Structure formats: C-alpha cells, structure tokens
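Every heavy atom of this structure was used, including side-chain atoms; hydrogens, water molecules and symmetry mates were not. What you see is a predicted model, and the numbers here were worked out from it, not measured in a lab. Sequence lines set the chain letters: A, B, ... in the order given, protein chains first and strands last, and positions in each chain run from 1.
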Amino acid sequence: MAKTLIIVESPAKAKTIAKFLGRNYTIKPSMGHLRDLPRSQFAVDVENGFEPRYITIRGKGPIVKELRSAAQKSQRVLLATDPDREGEAIAWHLQHLLNLPPDPIRIEFNEITPKAVQEAIKNPRVINQFYVDAQQARRVLDRIVGYKLSPLLWRKVRKGLSAGRVQSVAVRLIVDREQEIEAFESEEYWSLTAWLLSEGENKAFPAKLLKYQGQELVISSEAEMTKITAALEGATYRVSDIKQRERRKNPAPPFTTSTLQQEAYRKLNFTARRTMQVAQQLYEGLELGGSEGTVGLITYIRTDSTRVASVAQLEARDYLAERFGKEYVPEKPRQYKGRKGSQDAHEAIRPTSVWREPLTVKNNLTRDQYRLYSLIWERFVASQMEAAVIDTVTANIDAGPYLFRATGSVIKFPGYLRVYQENVNGEEKEQEQEQSLPSLKVGQVLGLANLEPKQHFTQPPPRYTEASLVKTMEELAIGRPSTYAPTIETILQRGYVVREQKQFIPTELGRVVVVLLKQHFPDIIDVEFTAQMEEQLDLIEEGKLPWRKVLADFYQPFQQLLERAEKEIGTVELPQEISEEKCENCNRNLVVKMGRYGKFLACPGFPECRFTKPLVDSIGVTCPQCGGNIVARRSKKGRKFFGCQNYPECNFVSWDKPTEQNCPHCGTRLVEKSSRQGTRLVCPNKECKYVEQVKETLP
DNA sequence: CAGTGAGCGAGCTTCCGCTTGACTT
C-alpha cells in the first residue's frame with residue numbers, strides 16, 4: 001500500500017530498476033528535462049538578476065500529469081535523475097512541478113545494480129542548490145549568447161541564421177582549418193629505401209635512409225637523390241648496431257559516446273546520427289527469443305565516462321579465462337581514467353553481458369545493429385584483456401657516411417589484439433611494422449638488392465570529418481554526448497558547411513559569419529570560451545560564486561559589444577555562388593538563389609531574363625526509362641524524392657532511391673528502402689513484392 | 001512528385017542539454 005515513487009530519466013532505466021525493487025516501489029521516467037525556457041521568447045529578465053521564466057516543454061505535459069498523479073498515489077517520492085549537473089536541475093524542476101517538500105528526497109547511483117540502488121535509497125539527501133544554480137547559469141548563458149547573436153545575424157547577414165556557444169565554435173574550427181589548407185605550400189621531399197639481403201636468405205628486407213655523417217638528411221629534389229643513389233650503388237652495407245626491445249601495447253578503453261561515434265564512422269562508415277539511432281535500438285533492447293524476452297544489449301549510450309561497473313569487470317574476467325585462457329586475464333582489472341571535466345554520470349558503453357557474444361545474437365539483429373554491437377562488444381572485451389607483447393628489433397646499417405635503419409617486429413603474445421584493433425588514423429596502417437627481420441649480427445655485411453627512391457610532397461592538414469570534428473569538440477569540452485550529432489546537423493542545415501566526400505568544407509556563408517563573430521565577439525567564438533565557462537560553473541557548484549554574478553560579469557561587456565556590432569556592421573554582402581551551368585536564353589552563367597523552396601539556379605539577368613532551373617544533386621544512378629541521370633530533388637512540402645534529370649521529357653519519379661539492380665522476378669529496377677531494421681532492396685512493382693536483404697559483409 | 005527571385009512589410013526565425021518517439025505519404 002505505502003508505495004514509494006522513484007523518478008528516473010529514462011524508461012529503460014525505470015524498467016531495470018523496477019525488476020529488482022519489489023512491489024512497494026513505482027518507477028517512472030521523466031524522459032529528460034520537463035521544464036525549460038520557452039523557445040518563442042527570450043524569457044530571461046536581465047534587469048532582475050537574470051531571472052529565468054520556465055515553462056513546461058511542449059509535448060511533455062502528459063508526462064508531468066502522469067508523474068503528478070503517481071506522486072499523489074505514493075506515500076513518498078524519491079528523485080533519482082542522473083548524478084550530474086543536468087540531473088540535479090531536472091530533480092529541482094520536478095520538486096517544483098510536483099510540489100515536493102525541501103526534504104531529503106534526492107538519491108543518486110552510478111551503477112544500476114540492486115546493491116547500488118538500495119544503498120542510494122537508504123541515503124537520500126536534499127537537492128544541491130549549488131549544482132542547480134550552475135545548471136541555470138549554463139542554461140541562461142547559452143540563451144543569452146544564442147538569442148542575442150542569432151537576431152544580429154538575421155539583421156546583418158540573412159534571416160534564419162543562428163549562432164551559439166557550441167555551434168559557432170564548431171564552424172570556426174572548420175573555417176580555420178580550411179584557411180590553413182589554403183595557406184599551405186606543398187614541398188617536395190624524397191625518401192630512399194634500400195632492399196638488403198642477409199647471407200643465405202633469399203628475401204630482401206627494407207631499410208630507410210636516415211642520416212648522412214650523423215646529421216638528419218633532408219632530400220628535396222630529384223637531382224640530389226640521383227647523386228646519393230649513385231654514391232650508394234657501390235657502397236658496402238654493414239650492420240653497425242642492433243637493439244632488441246620488448247614493447248607492451250595496452251588496449252584502448254571502452255567506448256564513450258564520442259569514441260563510439262568516431263570508431264563507428266571510421267570502421268563502419270556510420271554518421272554520428274546513424275550510430276546513435278542504432279545504438280539506441282541496442283540499448284532499448286530486442287526480442288532475443290528463448291527465455292530471455294526483451295533484453296537491453298548495451299548500457300546507456302550518452303556518456304563521457306570510461307568507468308566500468310565492477311560486476312562487469314568480474315564477468316569479463318570469467319569470460320576471458322574460459323574462452324581464451326588465464327594468460328589473457330590481467331592481474332588486476334583494468335580501470336581507465338576519465339577525461340578531465342568528465343561528468344561521469346553513466347558508465348562506459350559496454351555490452352550488458354559479455355556472454356552475449358555477437359554471433360549468438362546475430363540472427364536477432366539487423367545488419368547495422370549486428371555490426372555496431374560487435375564493435376562495442378569487442379572493444380569492451382579487449383579493454384579488459386592483457387596487453388599485447390611485441391618484440392621489436394632495430395638495426396642500424398652503415399653505408400659509408402650514410403646511415404640506414406631497418407625495423408622489424410614480431411608479436412610475441414597477442415593479448416587483446418586477438419579481439420580488437422583500434423583504427424587510429426583512417427585506413428593507413430603501417431604494414432611494415434608487422435614484418436620481421438632476418439637474424440642479423442653486428443659487423444655483418446649485407447648485399448644490396450635494390451635502391452628505391454620515392455618522391456613525396458608534404459600534405460596540408462586534413463579537413464575535418466565527422467569523426468575528427470567530434471573528437472576535437474570532445475577534447476575542447478565543447479558540447480556534450482547528447483549534442484555532438486545534433487550540432488553537426490545544425491551547422492549543415494544552416495548552410496555554414498557542406499559535406500563533400502566525407503569531409504567538412506565551409507561555405508561562403510560560414511566564412512562570412514565566422515569573420516563577423518571573430519571581429520566583434522572574439523572571446524565567445526574562442527575555443528577556450530567553454531572551458532572558462534566550466535571553471536566558473538565549478539566555482540558555483542562549490543558555493544564560492546553566485547550564479548547571477550557570473551551572468552552579470554558576462555553580460556555587461558557582452559551588451560557593449562552587441563551595441564557596437566549593431567552600429568558598426570553594415571549589411572553583409574554574400575558573394576553570389578556562380579554555377580557552371582549556362583542560361584539557355586542568354587548563355588550567361590547561372591547563379592544560385594534562395595527561394596521559397598530552397599536553393600535554385602537562376603539567370604543573373606533578372607528581370608530581363610527570367611530563366612530558372614532547379615538545383616539538383618546527381619546520385620550516380622541511371623534512369624530506367626531513358627538512361628539519363630537520376631537526381632535527388634525536393635517536393636514543395638520539402639520531402640526528398642528522386643526524378644530523372646531529363647524532366648519533363650522523361651517523367652520517371654520515385655520516392656525511394658533507385659539502384660542499378662534489376663528485380664530477378666519481374667525485371668523492374670529495384671529501389672532502396674530504409675527502415676528501422678536497416679536498408680533493403682525492394683521491387684517497386686506492387687504485384688511482385690520481391691525483397692532482397694542486404695548481405696552481411698562481416699565474418 | 002517538378003515551384004521559386006522586386007515590390008507591401010505581418011510574423012517569423014534562434015541557443016544548449018536531457019530524454020524518446022512518429023502522421024509513412
């Protein structure tokens with residue numbers, strides 16, 4: 001009868017906890033924040049201590065209602081929102097929404113185990129107002145920055161634009177990088193590899209030219225190279241030094257949101273959004289059949305922590321001992337240090353049970369789910385394994401005044417490498433690291449099989465990809481696990497950057513906005529801004545600084561800058577984007593214009609010449625009716641569709657993305673349908689109903 | 001499911017962070 005209501009943030013958590021607390025407890029989810037500043041108004045009373053006006057978030061009304069009625073029916077209410085700044089604020093809002101007394105009603109746990117939860121229930125505390133205030137400072141600051149800078153951009157550049165503490169710095173990173181690339185001057189240099197033979201062996205091994213008369217050697221032209229090879233053709237190659245070393249290589253820590261997004265991007269080619277969608281499916285759980293029912297396959301997916309619950313560590317150790325043998329289990333469980341500034345409210349992302357090997361659940365998962373689950377499972381299992389031991393040999397080889405170096409390595413004990421290999425820098429793997437050298441002796445003379453000179457050019461820094469952008473944002477502590485993917489979508493949507501061949505390139509608009517913000521608000525668009533804000537928030541959390549003072553100190557100068565910017569900036573002219581396409585009436589190059597339905601191509605001679613043409617995106621598929629190109633377009637309502645380039649002569653059109661494959665039954669061209677379960681090839685012929693599951697490529 | 005940009009100048013746009021679904025045309 002005397003029930004206790006416990007409110008958590010996520011429904012999956014509610015379910016789990018309900019399982020091991022008895023009938024005396026009701027567990028309900030809040031689904032994140034319930035109250036916030038209204039979207040349609042500024043809602044911060046700057047004159048009055050920055051007092052924020054909160055309203056119930058649109059769409060969350062029914063949840064509030066349900067929680068109220070559940071609270072009514074309960075004798076006691078406990079607030080078990082996440083143990084971090086945002087969680088504390090959610091608890092505080094709940095306290096007000098549900099009219100709860102200022103008693104010790106707040107509980108927190110870092111692990112969802114019966115023991116941790118029961119312990120937490122025994123130790124409720126009052127809501128920590130300092131934490132709540134830090135959150136309010138963060139929230140109000142973001143509102144001030146976003147809702148003051150954005151309208152400035154509407155007036156000065158283009159309506160609908162936006163700026164903010166996080167998104168603007170992300171754009172800045174991309175713009176800065178592009179400028180570095182443009183300023184980069186490529187330089188030529190040469191390398192020389194000698195392929196050498198040890199007596200009695202028939203396979204040559206490579207050695208790299210390093211030094212000349214003890215000095216680092218830089219070869220910058222073919223002419224220099226030719227002189228050097230001439231001198232080296234007839235030289236004597238003698239081993240002068242051999243160093244043997246044993247190297248231990250430790251596994252990478254288990255995934256956080258950021259590292260999962262990076263690795264899924266590099267290994268599976270998933271965007272941040274797709275990774276989160278599939279991960280959410282794994283987290284929410286799937287019908288596994290058998291006795292298990294619905295089971296969450298992985299722990300919570302929005303986390304900045306690499307911490308692992310001790311039960312999971314012990315389970316992993318048992319598993320490893322059984323499947324791989326004792327030598328693969330490290331003496332002590334591996335604990336990974338968190339990042340500085342990590343809020344540590346959740347564990348690392350890991351399988352809820354290591355015994356659920358990817359292959360055993362493969363048949364219940366879609367292709368995407370299976371691939372992502374395998375990645376998470378392998379990374380976690382490896383993270384609890386013994387280090388790999390690698391024997392490396394480095395040999396110095398003299399050739400007159402020249403010094404070559406050969407390296408070889410042999411894996412002595414694979415350790416975690418049996419399970420997981422981290423993909424650090426794209427696909428470029430140093431293959432030669434894996435090679436072994438023949439046994440060599442100091443003083444031994446080697447035969448020269450071949451000299452291999454190679455021309456290189458220094459490369460500009462790479463453009464950001466989703467992976468490297470997320471990585472950089474995390475390192476700079478800009479944004480949070482729940483916002484990396486949405487932030488990327490925002491800057492794309494605003495037209496600040498475009499994605500080309502998986503790389504981010506700033507648009508003219510992006511550059512203009514960054515220049516404007518750098519000029520007038522250099523502090524805000526600085527990569528250090530968030531870090532400095534976090535320092536202040538820390539002080540608020542410690543009770544050493546009132547939150548309203550932090551805001552006042554920020555707002556005074558900011559207000560000045562705003563006024564000055566308003567006066568000094570005229571209307572910013574955006575250079576016209578000129579396309580390669582010609583006007584069919586007057587042969588001038590068409591320019592990109594903004595219309596009601598988005599971008600389109602128009603003749604620059606408007607209004608004398610009114611020629612227009614849709615701006616179109618070829619998808620590299622031919623039209624089944626006329627063989628022309630299929631292009632992606634948008635309907636009036638904004639929905640994407642695919643049509644033939646030769647419209648209106650050819651009127652082929654499809655909602656789903658056409659492919660080059662024909663249906664084996666009726667010969668109609670197949671289309672791609674993507675649903676929650678992944679992507680399938682489907683026959684658009686309604687009579688036919690042919691469906692092809694996309695094949696697995698993984699072992 | 002294939003439009004489109006001046007002019008009037010209303011009413012609108014926008015932040016970050018916490019959570020999940022949803023009108024399938």
Side-chain angles (χ1 to χ4, degrees), chain A residues 8-14 29-37 39-44 57 59-60 63 81-82 84-90 93 135 138-155 158-168 276-277 280 283-284 300-302 343 345 478-484 486-487 490 494 530 533 591-607 610-616 631 633-648 650-656 673 675-676:
Chain A
V8 295
E9 286 185 43
S10 89
K13 205 179 204 176
S30 78
M31 308 277 202
H33 276 291
L34 295 170
R35 286 204 309 176
D36 189 18
L37 300 170
R39 279 170 53 143
S40 58
Q41 290 156 44
F42 186 55
V44 174
I57 295 170
K60 296 284 180 77
I63 299 171
T81 47
D82 293 349
D84 59 15
R85 197 195 293 149
E86 296 294 327
E88 201 70 14
I90 294 174
H93 282 298
Q135 193 273 347
R138 199 277 305 156
R139 180 69 192 89
V140 171
L141 182 103
D142 281 335
R143 169 54 62 100
I144 293 173
V145 171
Y147 272 42
K148 291 292 180 187
L149 290 186
S150 300
L152 183 74
L153 295 179
W154 304 342
R155 291 189 290 271
R158 180 192 293 176
K159 57 187 175 183
L161 295 180
S162 63
R165 172 176 60 84
V166 171
Q167 59 168 285
S168 295
M276 294 311 275
Q277 267 173 357
Q280 181 77 24
Y283 165 69
E284 280 173 13
Y300 192 60
I301 60 173
R302 283 176 276 271
Q343 302 200 7
I478 296 167
R480 302 276 312 136
S482 65
T483 62
Y484 299 133
T487 301
T490 300
R494 298 279 178 273
T530 293
M533 176 191 80
V591 295
V592 179
K593 292 267 186 184
M594 251 337 241
R596 262 185 297 172
Y597 311 121
K599 288 180 171 179
F600 69 102
L601 294 173
C603 181
F606 183 82
R610 310 181 71 95
F611 180 78
T612 65
K613 200 177 176 181
L615 185 71
V616 116
V631 293
R633 308 214 37 192
R634 259 169 214 291
S635 72
K636 272 183 212 169
K637 288 181 184 162
R639 216 185 127 198
K640 198 169 174 182
F641 70 95
F642 299 91
C644 180
Q645 179 187 36
N646 298 331
Y647 179 84
C650 171
N651 63 356
F652 173 82
V653 40
S654 163
W655 284 122
D656 301 303
K673 272 212 194 269
S675 67
R676 298 193 122 184

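You'll find that the side chain of A:Arg139 is closest to B:dC15, out of B:dC18, B:dG5, B:dC15. Picking from B:dC18, B:dT4, B:dG17 the nucleotide with the shortest atom distance to the side chain of A:Glu9 gives B:dC18. Residue A:Lys60 places its side chain closer to B:dT19 than to any other of B:dT4, B:dC15, B:dT19. Picking from B:dT19, B:dG17, B:dG5 the nucleotide with the shortest atom distance to the side chain of A:His33 gives B:dG17. The nucleotide whose nearest atom lies closest to any side-chain atom of A:Tyr300 is, among B:dC16, B:dT13, B:dC18, B:dC18. Considering only the side chain of A:Tyr147, B:dC15 comes nearest among B:dC16, B:dG5, B:dC15. Distances from the side chain of A:Arg143 to the nucleotides B:dA2, B:dT19, B:dC15 place B:dC15 closest.
Spacing between atom CZ of A:Arg158 and atom P of B:dG5 amounts to 15 Å, rounded to whole angstrom units. Distance CD (A:Glu284) to P (B:dA22): 11 Å, rounded to an integer number of Å. Between the CD1 atom of A:Ile144 and the C1' atom of B:dC15 there is a distance of 11 Å, given to the nearest Å. Look at NE2 on A:His93: it is 18 Å from P on B:dC16, rounded to the nearest Å. When rounded to the nearest whole Å, the span between CD1 of A:Ile63 and P of B:dC18 equals 17 Å. The interatomic distance linking A:Met533 (CE) with B:dC15 (C1') rounds to 12 Å, in whole Å. In this structure, A:Met31 places its CE atom 8 Å from C1' of B:dG21, rounding to the nearest Å. The distance between atom CE of A:Met276 and atom C1' of B:dG17, rounded to the nearest whole Å, is 13 Å.
Residue A:Ala163 is classed as a sugar-phosphate contact, given heavy-atom separations below 4.0 Å to backbone atoms only. When heavy atoms are screened at a 4.0 angstrom cut-off, A:Ser654 is found touching base atoms of the nucleic acid. If you check every strand for non-hydrogen atoms under 4.0 Å, A:Ser162 touches sugar and phosphate atoms only. Among the atoms of the strands shown, only primed sugar atoms or phosphate atoms (P, OP1, OP2) are found under 4.0 Å from some heavy atom of A:Gly479. Across all strands shown, A:Thr490 has heavy atoms under 4.0 Å from sugar-phosphate atoms exclusively, and none from any base. Among the protein residues, A:Tyr283 comes within range of the sugar-phosphate backbone only, with heavy atoms under 4.0 Å from sugar or phosphate atoms but none that close to a base. A:Val166 comes within contact range of the sugar-phosphate backbone alone, with a heavy-atom separation under 4.0 Å but no base atom that close. Looking at heavy-atom distances under 4.0 Å, A:Gln135 makes no contact with the nucleic acid at all. Across all strands, A:Leu161 comes closer than 4.0 Å only to sugar-phosphate atoms, never to a base (heavy-atom distances). Nucleic acid contact for A:Pro11: sugar-phosphate only, since backbone atoms but no base atoms lie under 4.0 Å from a heavy atom of the residue. Looking at heavy-atom distances under 4.0 Å, A:Gly164 makes contact with sugar-phosphate atoms alone, never a base. Residue contacts shown for A:Cys603 include a base, since a base heavy atom lies under 4.0 Å away. Counting any heavy atom pair closer than 4.0 Å across all strands shown, A:Arg165 reaches sugar-phosphate atoms only and no base atom.
In terms of heavy atoms, A:Gln41 sits closest to A:Arg143 at O-NH1, 2.6 Å. Looking at every heavy atom in both residues, A:Phe652 comes nearest to A:Ser654 through CZ-CB, 4.1 Å. Of all the heavy atoms in A:Trp154 and A:Leu161, the pair that sits closest is NE1-O, 2.8 Å. Nearest heavy-atom pair, A:Ser10 versus A:Tyr283, reported as atom, atom and distance to 0.1 Å: OG-OH, 2.9 Å.
Residue A:Lys60 holds its NZ atom at 8.5 Å from CE of A:Met31, rounded to the nearest 0.5 Å. Here OG of A:Ser30 is found 13.0 Å from CZ of A:Arg35. Values are rounded to the nearest 0.5 Å.
To the nearest whole angstrom, the two C1' atoms, one in B:dT13 and one in B:dG9, are 16 Å apart.
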Start with the C-alpha distance between A:Gln135 and A:Glu88, add both sets of side-chain angles, then the distance that settles side chain to side chain contact (heavy atoms under 4.5 Å, CB included), and finish with yes or no. CA-CA 8 Å; A:Gln135 193 273 347; A:Glu88 201 70 14; over 6 Å; no
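Regarding contacts with the backbone of B:dT20, a side-chain N or O of A:Ser10 is found under 4.0 angstrom from either OP1 or OP2. Close to B:dT20, at under 4.0 Å from its OP1 or OP2, lies a side-chain N or O of A:Arg302.
Ring stacking is absent between A:Phe600 and B:dG5, as the pair misses the limits of under 5.5 Å between centres and under 30 degrees between planes.
Both A:Pro604 and A:Arg138 lie close to DNA chain B; mapped to their nearest nucleotides by heavy-atom distance, the more 5′-ward contact belongs to A:Pro604. Summary of the strand contacts: A:Ser482 and A:Gly146 both lie near DNA chain B, and taking for each the nucleotide with the nearest heavy atom, the more 5' one is attributed to A:Gly146.
Not a single donor-acceptor pair, N or O on each side, falls under 3.5 Å between the base of B:dC16 and the side chain of A:Arg480.
Less than 4.0 Å separates DNA chain B from at least one heavy atom of each of the following residues of residues 148-155 of chain A: A:Ser150, A:Pro151, A:Trp154.
In summary, of the residues considered (A:Val8, A:Thr81, A:Asp82), a side-chain contact (heavy atoms from CB on, under 4.5 Å) with A:Ile90 occurs for A:Thr81 alone. Under the side-chain contact (heavy atoms from CB on, under 4.5 Å) rule, A:Arg165 has a single partner from A:Ile478, A:Ile144, A:Leu149, A:Asp142, which is A:Asp142.
No donor-acceptor distance shorter than 3.5 angstrom exists from the side chain of A:Lys13 to the backbone of A:Tyr300, with no hydrogens or angles considered. With hydrogens and angles ignored, the 3.5 Å screen pairs a side-chain donor or acceptor of A:Ser150 with a backbone N or O of A:Ala163.
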Secondary structure of DNA chain B per the Watson-Crick/G-U criterion (both distances under 3.5 Å; [ ] crossing, | other strand, . unpaired) is .........................
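Counting non-hydrogen atoms of other residues, nucleotides and ligands closer than 6.0 Å to CZ of A:Arg39 gives a total of 12 or fewer.
Residues A:Arg302 and A:Ser482 have side chains that never bring a donor and an acceptor to within less than 3.5 angstrom of each other.
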